[in-house]
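Data first, discussion second: the structure below is written as structure tokens.
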Amino acid sequence: MFVGVSKTTTDVPDQVLRKLTYAYYHDWEQNDPNYVFLLADPGVPGEHVVFEANAYAGLNPTDYRTKVQIDQRFGARWLAKQLYTDFTSEFLTYCQDHGLVEFDEPWWQYLLSGSFFDDFYMTDVVKYRENNPSKATLDAAVRLGLMQELEYIDPDLIFTFGSRAWDAVRTHLQAEPTEPVNNQSSITEVHGTLHQATRKYDVAILPCGHMSPQFRGAQISHDEYMARIVSGIEKSRS
């Protein structure tokens, strides 16, 4: 299913339409990540997505790895755009400070060079673009896709961003907090609280509120948002 692109997809090649519809960020021949960077869904395509899709137009439809590299470039640019710069720069720096990743170049170069994807398996619970996927859609996507991805990646730590990504993982992996929390379903409360999967996989999970200003800065101050993530990372390393 694909929602909301009829005005921008008239008479475009099939591979461009697929780029506008689906998002994949893992190069299976080049990347060997230890951590999962999980969001709920890639959202509906704006002008920035259409611009990136132009790179698809001249590709061989079976040139899958080049398509993945285009998606990686898009994902990196999304994290580097001004709306998220303060989050991304601090998040990557804290990950480096606590031994999760290593890089000598500036954070933005680490991100945009593609080295980020050697460390992080960036993905969405739902792989296709749609306005606000239902709970049933999220549940099906976990059962039919994400579980197999986790088995393949075998991550050391899963970062979930946003309440929908957290709810999907919490339910299917039966995540239990490593310290008392009053309401596991509240992303505001569990943000930065380390959890452990008790079903299917033995993996640590760090639920985080979405990095957008609707959560970071509105529901939790930026400083508290980052401090609680750092606390969770520190506990995952102990």
Side-chain angles (χ1 to χ4, degrees), residues 19-20 22-43 45-59 63-124 127 149 152-162 165 192 206 208-213 215-217 222-223 225-234 236-237:
K19 168 64 180 75
L20 291 171
Y22 296 95
Y24 300 99
Y25 307 100
H26 178 67
D27 184 334
W28 58 94
E29 293 188 11
Q30 298 293 327
N31 305 141
D32 186 22
N34 293 318
Y35 314 105
V36 170
F37 190 101
L38 180 67
L39 296 127
D41 65 275
E47 291 298 323
H48 57 300
V49 180
V50 176
F51 174 79
E52 289 288 342
N54 289 335
Y56 265 53
L59 291 182
D63 191 357
Y64 300 111
R65 287 186 59 227
T66 299
K67 294 179 182 181
V68 168
Q69 290 162 9
I70 293 171
D71 279 357
Q72 286 185 348
R73 183 179 68 193
F74 168 76
R77 287 181 176 178
W78 180 78
L79 284 172
K81 67 182 181 179
Q82 186 174 3
L83 185 66
Y84 301 122
T85 296
D86 51 351
F87 158 76
T88 306
S89 60
E90 292 183 38
F91 175 77
L92 294 179
T93 299
Y94 289 137
C95 285
Q96 182 185 45
D97 290 346
H98 290 83
L100 272 67
V101 302
E102 294 182 10
F103 54 91
D104 297 324
E105 65 268 50
W107 70 268
W108 54 267
Q109 190 172 348
Y110 163 78
L111 177 66
L112 297 175
S113 70
S115 296
F116 170 84
F117 297 98
D118 291 332
D119 294 317
F120 292 93
Y121 183 85
M122 182 176 175
T123 191
D124 302 284
K127 312 303 176 191
E149 292 176 276
Y152 166 68
I153 296 298
D154 189 23
D156 297 330
L157 177 63
I158 301 172
F159 293 92
T160 70
F161 290 95
L206 190 62
C208 305
H210 201 277
M211 68 286 293
S212 70
F215 186 88
R216 177 181 53 87
H222 174 78
D223 288 346
Y225 180 95
M226 297 309 305
R228 286 167 65 174
I229 288 180
V230 171
S231 175
I233 290 174
E234 290 174 341
S236 76
R237 303 294 286 174

Distance, nearest 0.5 Å, that separates [atom1] of [X] from [atom2] of [Y]:
X: Asp27; Y: Thr66; atom1: CG; atom2: OG1; answer: 9.0 Å
X: Asp124; Y: Leu39; atom1: CG; atom2: CG; answer: 5.5 Å
X: Phe87; Y: Ile229; atom1: CZ; atom2: CD1; answer: 5.5 Å
X: Glu90; Y: Thr85; atom1: CD; atom2: OG1; answer: 11.0 Å
X: Asp104; Y: Gln109; atom1: CG; atom2: CD; answer: 10.0 Å
X: Arg77; Y: Gln72; atom1: CZ; atom2: CD; answer: 13.0 Å

Considering only heavy atoms from C-beta outward, does the side chain of [X] approach that of [Y] to under 4.5 Å?
X: Ile70; Y: Arg73; result: yes
X: Met211; Y: Leu83; result: no
X: Phe37; Y: Leu79; result: yes
X: Leu92; Y: Phe116; result: yes
X: Tyr35; Y: Pro155; result: no
X: Leu206; Y: Ile158; result: no
X: Asp86; Y: Met226; result: no
X: Ile233; Y: Leu100; result: yes

Parallel, tilted or perpendicular: which describes the rings of Phe161 and Phe91, with under 30° parallel and over 60° perpendicular?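 Correct class here is perpendicular.
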
Can you tell me how the ring of His210 sits relative to the ring of Trp78, calling it parallel under 30°, perpendicular over 60° and tilted otherwise?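 The arrangement is perpendicular - the two ring planes meet at more than 60°.
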
Between Arg216 and His222: side-chain donor-acceptor atoms closer than 3.5 Å: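 Note: Arg216 and His222 side chains meet the donor-acceptor criterion.
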
Tyr110 and Asp119: side-chain donor and acceptor closer than 3.5 Å?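 Judged by distance alone, the side chains do pair up.
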
Ser113: what forms a side chain to side chain donor-acceptor pair (under 3.5 Å) with it, not counting sequence neighbours?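 Ser115.
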
Would you please name every residue forming a ring pair (Phe, Tyr, Trp, His ring centres under 6.0 Å) with Tyr152, sequence neighbours left out?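 Partners of Tyr152 under the ring pair (Phe, Tyr, Trp, His ring centres under 6.0 Å) test: His26.
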
Above 12 or not: heavy atoms from other molecules or residues under 6.0 Å from CD of Glu102?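 Counting neighbours around CD of Glu102, 12 or fewer heavy atoms of other residues, nucleotides or ligands fall under 6.0 Å, so no.
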
To check you understand the geometry: which heavy-atom pair defines the closest contact between [X] and [Y], and what is its length?
X: Tyr25; Y: Asn31; result: O-OD1, 4.4 Å
X: Tyr22; Y: Tyr24; result: CB-CE1, 3.8 Å
X: Ala165; Y: Ala40; result: CB-N, 3.9 Å
X: Phe159; Y: Cys208; result: CD2-SG, 4.4 Å
X: Ser212; Y: Tyr84; result: CA-CE2, 3.6 Å
X: Leu111; Y: Ala80; result: CD2-CB, 3.8 Å

Side-chain donor or acceptor of Thr93 paired with backbone N/O of Ser89 under 3.5 Å: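 Checking the backbone N and O of Ser89 against the side chain of Thr93, a donor-acceptor pair under 3.5 Å is found.
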
Quick one: does Arg237's side chain have a donor or acceptor within less than 3.5 Å of a partner on Gly99's backbone?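 Yes, Arg237 side chain to Gly99 backbone: donor-acceptor pair under 3.5 Å.
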
I'd like to check the salt bridge (charged side-chain N to carboxylate O under 4.0 Å, His left out) partners of Glu149; sequence neighbours left out, ordered by chain and number.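 Glu149 satisfies salt bridge (charged side-chain N to carboxylate O under 4.0 Å, His left out) with Lys127 only.
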
